[in-house]
Structures are given as structure tokens and as C-alpha cells.
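Have a look at the structure below before the remarks.
The structure displayed is predicted, hence computed values, not measured ones. Nothing fancy with the numbering, it's 1 onward along the sequence.
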Amino acid sequence: MTPRRIVLLGSTGSIGTQAIDVVRAAPERFTVSGIAAGGADPSLLAAQAAELRVGTVAISRAEGADQLRDELRWRWPADAPAPRVLAGPGAVAELAAQPCDMVLNGVAGAQGLRATVAALQAGNVVGLANKESLVAGGPLVTRLAGPGQLVAVDSEHSALAQCLRSGSAGEVAKLVITASGGPFRGRSRESLTDATPAQALAHPTWNMGQLVTTNSATLVNKGLEMIEAHLLFDIPYDRIEVVVHPQSIVHSMVEFTDGSTIAQASPPDMRLPIALAMGWPDRVPGAAKPVDWTKAASWTFEPLDEVAFPAVALARTVGEAGGCAPAVYNAANEELVAAFHAGHIGFLAIVDTLELVVGEWLSDRHASVGNPGTVEDVEQADAWARARARRLAL
């Protein structure tokens with residue numbers, strides 16, 4: 001078996017480091033030809049490059065390039081050719097267009113869009129852990145993607161893709177996306193008035209970065225996942241449902257027209273969906289531990305409290321509006337999460353202000369902008385949303 005060549009974007013983040021775990025465990029299945037990161041930790045990026053013996057390293061922050069090169073110089077064997085270093089804002093997208101078997105996009109936030117577009121235009125298969133690039137790019141991304149060119153990496157969308165194997169498209173009645181409920185599950189809206197950043201980051205199940213963990217606390221993440229599910233699987237929004245499942249064992253479900261529901265279950269470990277995406281459509285043996293059926297366990301499911309957590313309903317409105325509205329939703333939320341952690345706004349103000357920004361876009365700009373035709377169209381909507389959110393968060 002010839003190993004699949006993987007280009008790994010966001011290698012120093014949560015998805016990236018776990019993807020490297022998968023490669024370490026299955027070197028006969030995968031090899032990494034290039035890695036990229038923002039540049040917050042050039043030393044770790046260099047260590048990864050040296051371990052994986054990659055041909056190319058990309059770093060978004062040009063000011064970190066000298067440190068990266070210095071680190072590579074003493075880490076790299078003298079008798080081996082040094083990797084090519086790409087630096088600057090366009091470096092990650094340039095790497096994404098490099099010939100390979102899959103680009104695994106684990107870049108955080110909307111900045112992953114250019115890399116996704118570059119990879120698709122180059123004909124590469126994209127393993128999409130960066131849901132924001134699909135949400136923001138929307139029809140721009142789906143128009144570029146050929147059959148099988150987008151592969152889900154998020155645990156929820158990976159679960160849906162697995163469950164959808166159980167029936168034809170015409171037999172699908174509903175997609176059911178599960179949510180852990182985050183650290184504030186069961187809390188009333190009133191009780192969240194004084195919620196602190198530390199409390200919002202205390203996720204009961206997953207270990208994620210600041211943005212994704214806060215999105216889990218507000219349930220904005222489920223709004224983004226609903227939009228992504230619609231774009232990936234072409235299911236209307238009125239047939240996509242979110243249900244709270246605090247144990248995070250059932251990662252999502254598909255309900256079929258005959259009344260049968262197929263669920264994908266596994267302990268919460270992102271290495272399983274990462275490995276499945278990298279090997280798609282084949283499974284990678286031993287990627288993660290299975291459920292231990294010898295131990296008693298209870299799984300519970302609860303309806304979503306849309307009064308305390310209105311972000312999902314807002315995302316449904318945004319998704320149905322289409323165009324650049326999802327990009328506005330995503331960009332404004334990123335700014336408001338940052339404002340919350342900087343102490344400028346309270347927890348409830350994240351989604352309350354997000355609703356104001358989205359409302360302004362839909363009433364004043366949406367009709368005239370229409371569907372994005374270029375990345376620049378998306379970036380203009382993104383910039384407007386960020387500026388408006390920052391202003392309202394003052």
C-alpha cells in the first residue's frame with residue numbers, strides 16, 4: 001500500500017496535533033508532505049517538520065519565519081535536504097495548492113477559506129475540519145468542489161456521513177446533530193448574565209481552543225454545524241435538527257423515511273473522524289478506542305432550549321437567507337467572542353449583539369450583495385461584520 005500524502009494545515013492546533021498522532025500510529029497508511037500554522041509557536045512547527053521530514057513548511061506570520069528557519073537549521077539532519085519555507089499571509093493557501101492526496105484543513109476561523117479555495121482549485125481533496133471556511137464561502141466553495149472533493153472531519157459531520165451510508169438520498173428524512181450542551185447546559189438565560197470567560201471555557205467533554213470552546217458554550221458551534229451540514233449533504237434546513245446529548249457518545253444521527261434512525265457512537269476522540277477522513281472511504285484500524293459494552297452506561301437526549309441558547313435559531317435564519325449572511329454570522333461571532341474574553345461584553349451579549357449585526361446585514365445589505373462570486377466578496381462581508389461587531393462591543 002502506498003501511503004497517502006497529506007498536507008496538514010493548522011498543524012500546531014488541536015486538530016493538527018491529533019492528525020499527527022494518527023500518522024504516527026499508521027505510517028504505512030499516511031505520510032505528511034507539508035505542514036502549515038499561523039506562527040504563534042515556530043518552535044513546535046519546526047519540531048513537527050523535523051519529525052515528519054516534510055518537504056514544505058508554511059507560516060502565516062512573516063515575522064516568525066526567521067525563528068522557524070533557525071529552529072529548522074539545528075533540528076534538521078545535515079545530510080538531508082532542508083524543507084522549503086513559505087512565509088506570509090498567502091503561504092498557507094500556496095501550500096494547500098501543492099499536489100497531494102488530501103489537504104487536511106485544521107486552520108481555525110474564517111482565515112481557512114483561501115486555503116480551502118486554493119486546494120479545491122488545484123484539484124485536491126479537502127478534509128474539512130475548518131467548518132468556518134465552508135460556512136463563510138458557502139456557494140463559492142460548493143461550486144468549486146467536485147464529487148467527493150470535500151470530506152467531513154468534524155465529529156458531527158463525520159457521523160452524518162457514516163450514517164448516510166445506510167440509505168439512499170431519497171430515503172433521508174432528517175439529519176439530527178447532537179450537542180453536548182457545553183458548560184452551561186440546563187442553565188436558564190437569566191442565570192447566564194454573569195457567566196465568566198473561565199466558566200465558558202470549562203467544557204465538560206472536549207479539549208478545544210478558546211474560540212471553539214466558547215462557541216460550544218453559546219451553541220454558536222451548532223449553528224455553524226447546521227449550516228455546514230446543509231452545504232455538505234444538501235438537506236434543507238427544516239430537515240436538520242439539533243438535540244442535546246451530554247455524554248457526547250452519539251455524534252449525530254440520520255432519520256430515514258421508514259422511521260428508522262441510524263446513529264454513530266464512539267467515545268469522544270477526534271482521532272477517529274480525523275483518521276476516517278484521511279483514509280476515506282476506508283476505515284483505519286485502531287484509530288481510537290471503541291465504546292466499552294461491558295460497562296453499564298446511560299445515554300440521554302434533551303431538546304434544545306432556544307430561549308437560553310438562541311444561536312441555533314439565528315443560524316437557521318442566516319442559512320436560509322444564504323449569500324454572505326453566514327459569513328457575517330461567523331465573522332461577527334469571532335469578534336464578539338474576543339470581546340467577551342477581553343472583558344468588554346458579557347456572555348449573553350455575544351449572541352444578542354450577533355443578532356443585531358445579522359439583522360443589520362439582512363435589512364440593509366444582503367439583497368444588494370447577493371451570492372459571493374469571489375473570495376474577495378466574502379472577505380468584504382467578513383470585514384464589514386467584524387467592524388460592526390467591534391463597534392457595537394465598545
Side-chain angles (χ1 to χ4, degrees), residues 13-15 108-110 129-132 135 154-157 177-229 241-252 268 270 300-319 326 328-358 385-386 389-390 392-393:
S14 175
I15 294 294
N130 172 253
K131 67 171 71 69
E132 293 87 353
V135 168
D154 277 345
S155 61
E156 295 82 2
H157 302 92
I177 299 173
T178 57
S180 70
F184 300 137
R185 180 179 64 87
R187 297 268 296 269
S188 67
R189 176 177 172 84
E190 293 73 21
S191 72
L192 294 173
T193 302
D194 298 322
T196 67
Q199 291 169 339
L201 293 176
H203 196 282
T205 307
W206 297 99
N207 180 20
M208 305 171 290
Q210 178 177 284
L211 174 62
V212 178
T213 307
T214 308
N215 286 351
S216 181
T218 60
L219 266 75
V220 163
N221 67 325
K222 293 302 144 181
L224 295 171
E225 288 167 13
M226 180 172 60
I227 297 170
E228 185 180 9
E241 183 178 337
V242 174
V243 65
V244 176
H245 169 54
Q247 292 80 24
S248 298
I249 300 295
V250 173
H251 297 289
S252 278
M270 278 302 298
T300 60
F301 300 89
E302 309 163 8
L304 175 64
D305 181 352
E306 292 193 349
V307 174
F309 302 101
V312 174
L314 180 60
R316 193 182 303 276
T317 298
V318 161
V328 169
Y329 177 94
N330 177 72
N333 174 70
E334 289 184 6
E335 293 297 324
L336 293 166
V337 167
F340 168 62
H341 284 282
H344 300 318
I345 61 173
F347 179 77
L348 291 177
I350 298 174
V351 178
D352 288 351
T353 311
L354 179 58
E355 186 173 12
L356 292 175
V357 176
V358 166
R386 291 180 189 279
R390 286 194 296 267
L392 290 172

task = Measure the shortest side-chain to side-chain distance between Val328 and Val318 over non-hydrogen atoms and say whether it is less than 4.5 angstrom.
result = no

Non-hydrogen side-chain atoms of Val243 and Pro303 separated by less than 4.5 Å: no

- Message: Are the side chains of Met270 and Ser155 in contact, using a 4.5 Å heavy-atom criterion?
- Response: yes

Residues Val135 and Leu224: closest non-hydrogen pair is CG2-O, 3.5 Å

- Is there a side-chain contact between His245 and His251 (heavy atoms, below 4.5 Å)? no

Between the CG atom in Asn333 and the OG1 atom in Thr218, the distance rounded to the nearest 0.5 Å is 6.0 Å

Output for pair (Ile345 CD1, Leu348 CG), nearest 0.5 Å, gives 10.0 Å

key: Side-chain heavy-atom pair Pro246, Pro204 within 4.5 angstrom cut-off   = no

For Ala179 and Val242, the nearest pair of non-hydrogen atoms, with its separation, is CB-CG1, 4.2 Å

For Ala332 and Val357, the nearest pair of non-hydrogen atoms, with its separation, is CB-CG1, 3.9 Å

Of all heavy-atom pairs linking His341 and Pro197, the shortest is ND1-CB, 3.4 Å

d(Arg316 CZ, Met226 CE) to nearest 0.5 Å is 4.5 Å

(message) Assess the residue pair Val244 and Arg185 against the criterion (side-chain contact (heavy atoms from CB on, under 4.5 Å)); give the C-alpha distance rounded to whole Å, side-chain angles, the decisive distance to 0.1 Å, and a yes or no.
(response) CA-CA 9 Å; Val244 176; Arg185 180 179 64 87; 3.6 Å; yes

Heavy-atom closest pair (Leu336 atom, Leu354 atom, distance to 0.1 Å) is CD1-N, 3.5 Å

To the nearest 0.5 Å, atom CZ of Arg390 lies from atom CG of Leu392 at 11.5 Å

CG of Leu211 to OG of Ser216, rounded to nearest 0.5 Å, is 11.0 Å

Test item: Phe340 and Thr196 side chains (from C-beta on) under 4.5 Å apart, heavy atoms
no

So the salt bridge (Lys or Arg N to Asp or Glu O under 4.0 Å) pairs with at least one residue in residues 189-199 (sequence neighbours excluded) are Arg189-Asp352

Exercise. Are Leu314 and Tyr329 close enough that some pair of their side-chain heavy atoms sits under 4.5 Å apart?
Worked result: yes

Margin query: Do Thr178 and Glu156 pair up side chain to side chain, a donor and an acceptor below 3.5 Å, judged on atom types alone?
Written below: no

Would Val220 and Phe309 satisfy side-chain contact (heavy atoms from CB on, under 4.5 Å), going step by step from the backbone distance to the final call? CA-CA 9 Å; Val220 163; Phe309 302 101; over 6 Å; no

*Compare all side-chain heavy atoms of Asn215 with those of Val337 and state whether any distance is below 4.5 angstrom.*
yes

Do Asp305 side-chain atoms and Ala308 backbone N/O form a donor-acceptor pair below 3.5 Å? yes

When every non-hydrogen atom of Pro268 is compared with those of Ile249, the smallest separation belongs to CD-CD1, 3.9 Å

side-chain contact (heavy atoms from CB on, under 4.5 Å) filter on Val212, not counting sequence neighbours, yields Met208

So NZ of Lys222 and CG of Leu304: to nearest 0.5 Å the spacing works out to 10.5 Å

Using the ring of each side chain (for Trp, its six-membered ring), is Phe347 parallel, tilted or perpendicular to Phe184, with breaks at 30° and 60°?
-> perpendicular

Could you go through Ile350 and Thr214, starting from their C-alpha distance and side-chain angles, then the distance that decides it, and tell me whether this counts as side-chain contact (heavy atoms from CB on, under 4.5 Å)?
CA-CA 10 Å; Ile350 298 174; Thr214 308; 4.1 Å; yes

Let me see the working for Thr213 and His203 under side chain to side chain donor-acceptor pair (under 3.5 Å), right down to the final yes or no. CA-CA 7 Å; Thr213 307; His203 196 282; over 6 Å; no

